[in-house]
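A quick write-up on the structure given underneath.
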Amino acid sequence: MSDASPLAASSEKIPVTVLTGYLGAGKTTLLNRILTEQHGKRYAVIVNEFGEIGIDNDLVVGADEEVFEMNNGCVCCTVRGDLIRIMDGLVKRRGKFDAIIVETTGLADPAPVAQTFFVDQDVGEAARLDAVVTVADAKWLTDRLADAPEAKNQIAFADVILLNKSDLVSGEDLDRVESQIRAINPWAKVHRTERCAIPLDQVLDRNAFDLSRILDVEPDFLEEGHHHHHDEQMQSVSAKIDGPVDPEKFMPWISNLTQVQGPDILRCKGIVVFPDEPKRFVFQGVHMILDGDVQGEWGADEPRVSRVVFIGRNLDPEAIREGFFACKV
Ligand SMILES: Nc1nc2c(ncn2[C@@H]2O[C@H](COP(=O)(O)OP(=O)(O)OP(=O)(O)O)[C@@H](O)[C@H]2O)c(=O)[nH]1
């Protein structure tokens, strides 16, 4: 970037918070808190999701104009170029927002995302990594530490950790999970939360990212060509229907699917159209726990498309799609 660029012209670097955490831990819940609380700040948000059909953007509240989606892969691998491009574009519009938040997929290794702010010169000149904030699911973290290397890296790299879903486990379990976290990362500040309720000054503008600590964890952090191998068995199955689904068929189907295949379905979400219902029906689940509600009216010109995404292991894409299509009105 030349000296004449808007990046070099400004001395204040834009703070960037990288929000990470395994599938379903509560990243979007935290992001929505950040975007709805009255703090007088404006955030630009970059969301990356795993799954062919973008749903997260629609689940992020009230920030339509500043949400940038990267859907065609995981930010830590294939879409890192997209991240750099979006960052470059944002930096040219600096002054319109105070900070940037990057929400990674639950399957991302935060290292290469963080690396972007040090290795890419233009991005590094304009923005500074403020903190890596990791949301951990108190109910499932122990299992994921055993079978998902990404979950461990997300903990190892964090500057701030929200040990979330404290309502779903006992006090002893929370102590046990926190000591597992401590064994991996003794430096991060750990907060126990329910629905990511936390004063935002504990997660934003922390100036917490410590490069020297990261170089202890990962000595080749500043070298290009970091390769992250995803869990090969992890699949994403998505499907959409142009138009409504019958709730009498859809509800039993989705609840039966998540009950029977819950252990393998790490995450599911969807936005569907019900006949004569002006609002969107939004559901999401983590393993067997399923939440659903009508929320937000369909826009006048918005295409009424029913969309679902399932992420997990040992999924049968054909059967899932057939089951969903059978709910069509
Ligand atoms: N019981 C309980 N549920 C929670 C809590 N925090 C979030 N949830 C629910 O957990 C589910 C996943 O939350 P999200 O915020 O979408 O998680 P995420 O990390 O953004 O998920 P992905 O981006 O898909 O990986 C939603 O149904 C939330 O309502 C909590 O503290 N307690």
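The structure displayed is predicted, hence computed values, not measured ones. All residue numbers in this chain count up from 1 along the given sequence.
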Can you tell if the side chain of [X] reaches within under 4.5 Å of the side chain of [Y], non-hydrogen atoms only?
X: T17; Y: V203; value: no
X: M251; Y: F281; value: yes
X: L315; Y: I265; value: yes
X: P247; Y: P275; value: yes
X: F324; Y: I241; value: yes
X: L90; Y: I46; value: yes
X: L31; Y: L19; value: yes
X: L266; Y: R144; value: yes

Exercise. Please collect all salt bridge (charged side-chain N to carboxylate O under 4.0 Å, His left out) contacts where either partner lies in residues 196-205, sequence neighbours excluded, each pair once.
Key: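 Listed once each, the pairs are K41-D205, R128-D205.
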
Quiz item: Please, which pairs that meet salt bridge (charged side-chain N to carboxylate O under 4.0 Å, His left out) have at least one residue in residues 187-198, sequence neighbours excluded?
Solution: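 The answer is D175-R192, E178-R192.
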
Same cluster or not: [X] versus [Y], using hydrophobic residues (I, L, V, M, F, W, Y) connected whenever any side-chain heavy atoms lie under 4.5 Å apart?
X: V135; Y: L204; answer: yes
X: L141; Y: F157; answer: no
X: I214; Y: I184; answer: no
X: V123; Y: V16; answer: yes
X: L290; Y: W140; answer: no

For the pair [X] (side chain) and [Y] (backbone), establish whether a donor and an acceptor sit closer than 3.5 Å, ignoring hydrogens and angles.
X: D98; Y: R42; answer: yes
X: N185; Y: A158; answer: yes
X: Q235; Y: N314; answer: yes
X: S306; Y: V273; answer: yes
X: K27; Y: Y22; answer: yes
X: D130; Y: R206; answer: yes
X: Q154; Y: A108; answer: yes

Shortest non-hydrogen contact between [X] and [Y], atoms and distance:
X: D159; Y: A208; value: OD1-O, 3.3 Å
X: V309; Y: S238; value: CG2-CB, 3.8 Å
X: C196; Y: G26; value: SG-O, 3.3 Å
X: V245; Y: V329; value: C-CG2, 3.4 Å
X: W298; Y: P303; value: CZ3-O, 3.8 Å
X: W253; Y: I320; value: CZ2-O, 3.4 Å

Exercise. Kindly give the cluster partners of V260, where membership spreads through any ILVMFWY side chain lying under 4.5 Å from a current member.
Key: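 Under the 4.5 Å side-chain rule, V260 groups with nothing.
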
Quiz item: Cluster partners of L168, using ILVMFWY side-chain heavy atoms under 4.5 angstrom, listed by chain and number?
Solution: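 For the cluster that includes L168, the remaining residues are I289.
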
Practice problem: Any chance you could measure F310, atom CZ, to I254, atom CD1, to the nearest 0.5 Å? | Solution: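 One gets 3.5 Å once the value is rounded to the nearest 0.5 Å.
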
Quiz item: How many angstroms lie between atom CD1 of I101 and atom CG of L30, to the nearest 0.5 angstrom?
Solution: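 So the gap between those two atoms works out to 8.0 Å.
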
Quiz item: Between the side chains of Q121 and E125, is a donor N or O closer than 3.5 angstrom to an acceptor N or O?
Solution: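 Judged by distance alone, the side chains do pair up.
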
Self-check item: Test of ring centre spacing under 6.0 Å for F283 and F250
Solution: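 Yes, ring centres under 6.0 Å apart.
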
Quiz item: By side chain to side chain donor-acceptor pair (under 3.5 Å), which residues pair with T193, not counting sequence neighbours?
Solution: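 T193: side chain to side chain donor-acceptor pair (under 3.5 Å) contacts with N164.
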
Practice problem: Evaluate side chain to side chain contact (heavy atoms under 4.5 Å, CB included) for V47 paired with V45, printing each intermediate quantity in order. | Solution: CA-CA 6 Å; V47 221; V45 180; 4.3 Å; yes

Practice problem: Kindly state each residue pair satisfying ring pair (Phe, Tyr, Trp, His ring centres under 6.0 Å) with at least one member in residues 175-200, sequence neighbours excluded. | Solution: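 Sorted pair list comes back empty.
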
Exercise. Salt-bridge test for R176 and D173: reply yes if a basic N is under 4.0 Å from a carboxylate O, no otherwise.
Key: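 So R176 pairs with D173 through a salt bridge.
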
